[in-house]
Amino acid sequence: MSVDPEQARKRVMDEKARVEGLIHNLKDGLGDGPESDELSELSDYDQHPADTATETFEREKDVSILEQLEEELAELQAALERIDNGTYGVDEVTGQPIAPERLEAVPTARTNVYTEEQRETESRLPRSGAGDPDEY
């Protein structure tokens, strides 16, 4: 079953708009200045070190989320390019069609579930010998 390019484009564009909105909102919350400017008060002397640590942690968490969203945006852009060149919905490893249900759930999917599971299994470390109590 082939993928309708127009439906795929709409789905990917909708997701792209959602992610761009999240990025915009997160960037607004982070502000443009360096971290020290945003965390400092008139006098840091009155601020407890734990308060500064909490603010730093929250900022680092937001920056990490922003990086993940930007990666997702890049994947969505790559999906649009695959739609344009006619390779969207084709497993990049096997060349088989990707299940429409998978594309609905993960519009940036580059492989079938089976291919992804196989790649994950091959990338795991072998269990034998690692931490075997009999070795000690």
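Since this is a predicted model, take the numbers as computed values, not measurements. Along the sequence shown, residues are numbered consecutively beginning with 1.
Look at Arg18 and Asp14 and you find no salt bridge, because none of the NZ, NE, NH1 or NH2 atoms lies under 4.0 Å from a carboxylate O. Taking the charged nitrogens against the carboxylate oxygens, Arg119 and Glu122 have no contact shorter than 4.0 Å, which rules out a salt bridge. Salt-bridge annotation for Glu15 and Arg11: present, with a side-chain N of the basic residue lying under 4.0 Å from a carboxylate O of the acidic one.
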Review item, side-chain donor-acceptor pairs of residues 97-104, under 3.5 Å, at least two apart:
residue : atom : partner : partner atom : Å
Arg102  : NE   : Thr111  : O            : 2.6
Arg102  : NH2  : Thr111  : O            : 3.4

For residues 67-76, tabulate all N or O donor-acceptor pairs below 3.5 Å that involve a side-chain atom, not counting sequence neighbours.
residue : atom : partner : partner atom : Å
Glu75   : OE1  : Arg110  : NE           : 3.0
Glu75   : OE1  : Arg110  : NH2          : 3.4
Glu75   : OE2  : Arg110  : NH2          : 3.4

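Panel note: side chain Asn112, backbone Tyr114; no donor-acceptor pair is recorded below 3.5 Å. The backbone N or O of Pro107 sits less than 3.5 Å from a side-chain atom of Tyr88, completing a donor-acceptor pair. Judged by distance alone, with hydrogens and angles left aside, the side-chain atoms of Thr56 form a donor-acceptor pair with the main-chain N or O of Thr52 at under 3.5 Å.
Atoms CD and CG, from Glu20 and Asn25 in turn, are 12.0 Å apart once rounded to the nearest 0.5 Å. For the atom pair OG1 of Thr94 and CD of Gln118, the computed distance is 9.5 Å after rounding to the nearest 0.5 Å.
At a threshold of 4.5 Å between side-chain heavy atoms, the hydrophobic network of Ile, Leu, Val, Met, Phe, Trp and Tyr places Leu30 and Val19 in one connected group. Val113 and Val93 fall into different hydrophobic clusters, defined by Ile, Leu, Val, Met, Phe, Trp and Tyr side-chain heavy atoms under 4.5 Å apart, directly or through other members.
Between Val3 and Ala8 the shortest heavy-atom distance is CG1-CB, 3.8 Å.
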